[in-house]
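Please read the structure below before turning to the comments.
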Amino acid sequence: MPQLTRRSLAAATAVLLGATALTACGSDSDDEAGAGSGPVKLTYWAWAPGMDKVAALWNAKHPDIQVTVQKQASGDDLVTKIITAAKARKGPDLVQAEYQALPTLVTNDALADIGTEVQGVEKKFAPGVWQQTTLGGDAVYALPQDSGPLMFFYREDLFKEYGLTVPTTWDAFAETARALKKKAPEKSLTTFSANDAGLFAGLSQQAGARWWTFEGDTWKVGIDDAATKKVTDFWGGLVAEGAIDNQPMYTPAWNKALDTGEQIAWVSAVWAPGTLTTAAPATKGKWAMAPLPQWTEGENATGSWGGSSTAVTSDSRHKKAAAEFAVWLNTDPEALAALVKESGIYPAATAAQTSGALAKAPDYFANQPDFYTKAAEIAKTTAPAAWGPNVNVAYTAFKDEFGKAAKAKTAAAFAKALTAVRDTTVNDLDKQGFEVAK
């Protein structure tokens, strides 16, 4: 993303917010309020399970700053709730926010710039992950909490049975899919699924896509850029020729295909072991993980699927204290170990990705004892992502349009779907009053 400042972002969203520039923290800071009248009290909206237990560790050691976790729904529901609260100036002090939601929250003046309070912290995260909390500019709108680097998961036993080699490039991936079909026509290497745009976004990210960029007062939507077209043509081509399946993920049929070996691989993220434990319990210990195939032999990049951050809101009267808690939550070894244990997350902080609860491989992957060591190396190569203020609209359009393309099984249908997603996203930005490059 081009360099993005809060002032330039304010100019681009003036139609929505009025002609005044966005302020850094909304209400006046009152970080010293608790000094003589009891502890500073912070409210944290979060959806991750067990977050209250993690906050309890902080509260036990910081009597002057006490944090109360209020459990929330995740996704668009929480984004809407945060924006509504910000407009009424009744927001909490901190929120758990998915990376792709940050531009929407920033353009609605819901988040504070905490760059001054967190100087030096960026060194604890992979550059591509840190960039998602700055929107490519100088301001810092959140701290990375967890990440979802993409990887290649495959049935180690069936690859050996069918004489297949783990692909290191996408061309080799396609050849592997074709080779499996020749040897076992009833099986598929994997499926193309349209019911979760996050995976496709991550694959496009790895290829170098920039779906939203910002320059001056104008947003540019690049959902149909060259990188994303390459990804679309690749997967659409495999579906069209019947080299892979075209059924959606997370259905009973998909679970059965994984559990019976009808599908023998899955492009997914580091959190895949948890999903496989439920979807394919009979195959425990038969899977292995490898880096994502590359577009060019020798390259070393991955995309991300999922992940969230901790942000301080514009309404917080205790910005400094809230930022202090956010830093502790996402960098302190004790806090990170608790997040892994209680919330089941894969921490974004690089030091935590091979220590504590992650020193041992997931039970499902007990046959691969270096699982998290490999995962940590892959996570370091996460490519930058470029999010915009209407990701939810683009994701909904993807599900609709690519769902049709997957059923049609033609390359032309996939190309048409990509154009439709781009047009829908641009039209929505226009409707909201953003300046959009045509």
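Positions are given from 1 along the sequence.
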Consider only side-chain N and O atoms of Gln206 and Trp170, and report whether a donor and an acceptor are under 3.5 Å apart.
yes
For a quick check under 3.5 Å, do Gln70 and Trp45 share a side-chain donor-acceptor pair by atom type?
yes
Would you compute the distance between atom CG of Leu199 and atom OG of Ser204 and round it to the nearest 0.5 angstrom?
9.0 Å
Working note: Phe200 + Val231, criterion side chain to side chain contact (heavy atoms under 4.5 Å, CB included); need CA distance, chi angles, decisive distance, verdict.
CA-CA 8 Å; Phe200 187 80; Val231 174; 3.7 Å; yes
Please check this pair: side chain of Thr302 against backbone of Leu150, looking for a donor-acceptor N/O pair closer than 3.5 Å.
yes
Taking Gln66 for the side chain and Asn59 for the main chain, is one N or O donor matched with an acceptor at less than 3.5 Å?
yes
Straight-line distance of Leu94 CG to Asp315 CG, nearest 0.5 Å:
12.0 Å
Any non-hydrogen side-chain atom of Ser304 less than 4.5 Å from a side-chain atom of Gln132?
yes
With a 4.5 Å limit on heavy-atom distance, are the side chains of Leu189 and Ile264 in contact?
yes
Dump the intermediate steps for side chain to side chain contact (heavy atoms under 4.5 Å, CB included) on Gln353 and Ser147, then the final yes or no.
CA-CA 10 Å; Gln353 293 171 353; Ser147 63; 4.3 Å; yes
Heavy-atom count check: over 12 atoms from other residues, nucleotides or ligands less than 6.0 Å from Lys230 NZ?
yes
Euclidean distance, Asn195 CG relative to Asp400 CG, rounded to 0.5 Å
12.0 Å
Enter the distance from Phe325:CZ to Asp93:CG here, rounded to the nearest 0.5 Å.
10.5 Å
Do Pro92 and Thr313 make a side-chain contact, defined as non-hydrogen atoms from C-beta onward lying under 4.5 Å apart?
yes
Looking at Val106, Val140, Thr107, which one forms a side-chain contact (heavy atoms from CB on, under 4.5 Å) with Leu135?
Val106
Check whether Asn330 reaches the backbone of Ala326 with its side chain - one donor and one acceptor, N or O, closer than 3.5 Å.
yes
Heavy atoms from other residues, nucleotides or ligands near NZ of Lys71 exceed 12 (cutoff 6.0 Å):
yes
Without hydrogens or angle criteria, can the side chains of Gln247 and Thr191 be said to hold a donor-acceptor pair below 3.5 Å?
no
Of all the heavy-atom pairs spanning Ser316 and Lys319, show the shortest one and how long it is.
OG-N, 3.7 Å
Tell me the closest heavy-atom pair linking Val118 and Trp130, and the distance in Å.
CG2-CH2, 4.5 Å
Has Tyr44 got a side-chain atom pairing as donor or acceptor with Thr68's backbone, closer than 3.5 angstrom?
no
Kindly give the heavy-atom pair with the smallest separation between Thr277 and Pro273, and that separation in Å.
OG1-O, 2.7 Å
Derivation of the side chain to side chain contact (heavy atoms under 4.5 Å, CB included) call for Trp211 and Val421:
CA-CA 11 Å; Trp211 282 8; Val421 174; over 6 Å; no
In terms of the angle between their ring planes, are Phe152 and Phe173 parallel, tilted or perpendicular, with boundaries placed at 30° and 60°?
perpendicular
Is it true that Trp212 and Asn390 share a donor-acceptor pair across their side chains at a distance under 3.5 Å?
yes
Do you know which two heavy atoms are closest between Ala227 and Gly208, and how far apart they sit?
CB-C, 3.8 Å
What's the spacing between Asp109 CG and Lys87 NZ if we round to 0.5 Å?
11.0 Å
Less than 4.5 Å apart, side chain to side chain, heavy atoms only: is that true for Phe402 and Leu418?
yes
Can a donor-acceptor pair be found, under 3.5 Å and without considering hydrogens, that links the side chain of Gln96 to the backbone of Ala48?
yes
Could you work out, with side chain to side chain donor-acceptor pair (under 3.5 Å) as the rule, every residue matching Glu297, not counting sequence neighbours?
Thr168
Name the orientation class of the two ring planes belonging to Phe192 and Trp235 (parallel below 30°, tilted from 30 to 60°, perpendicular beyond 60°).
tilted
For Ala46 versus Val69, what's the shortest heavy-atom pair and its separation?
CB-CG1, 4.5 Å
Would you mind reporting whether Phe125 and Thr382 have side-chain heavy atoms less than 4.5 Å apart?
no
Hey, what do you get for OG1 (Thr373) to CD (Gln368), rounding to the nearest 0.5 Å?
10.0 Å
Is there a side-chain contact between Thr424 and Thr396 (heavy atoms, below 4.5 Å)?
no
Contact between His318 and Leu42 at the side-chain level, heavy atoms closer than 4.5 Å - yes or no?
yes
Check whether the side chains of Thr228 and Asp225 place a donor and an acceptor atom closer than 3.5 Å, and report yes or no.
yes
So, Trp295 versus Phe234, ring centres under 6.0 angstrom or not?
yes
Is Glu342 reaching over with its side chain to a backbone N or O of Met51, donor-acceptor style, under 3.5 angstrom?
no
Which atoms form the tightest heavy-atom contact between Leu329 and Leu336, and what is the distance?
O-CD2, 3.9 Å
Any donor-acceptor pair under 3.5 Å linking the side chain of Glu122 with the backbone of Gly120?
yes
Taking Ala110's backbone N and O only, do any of them form a donor-acceptor pair with Asn108's side chain (distance below 3.5 Å, no angle check)?
no
Do Glu98 and Trp47 have side-chain heavy atoms sitting under 4.5 Å apart?
yes
Check residues 282-294 and write down every donor-acceptor pair under 3.5 Å in which the side-chain atom is one partner and the other belongs to a residue at least two apart or another chain.
unit_1, atom_1, unit_2, atom_2, d
Thr283, OG1, Ala280, O, 2.9
Thr283, OG1, Trp287, NE1, 2.9
Thr283, OG1, Tyr364, OH, 2.6
Trp287, NE1, Tyr364, OH, 3.3
Gln294, OE1, Asn300, N, 3.4
Gln294, OE1, Ala301, N, 2.9
Gln294, NE2, Leu292, O, 2.9
Gln294, NE2, Ala301, O, 2.9

Let's go through Trp266 and Thr275 carefully: what are the C-alpha distance in whole Å and the side-chain angles of both, what is the deciding distance for side chain to side chain contact (heavy atoms under 4.5 Å, CB included) to 0.1 Å, and is it a yes or a no?
CA-CA 11 Å; Trp266 184 29; Thr275 300; 3.7 Å; yes
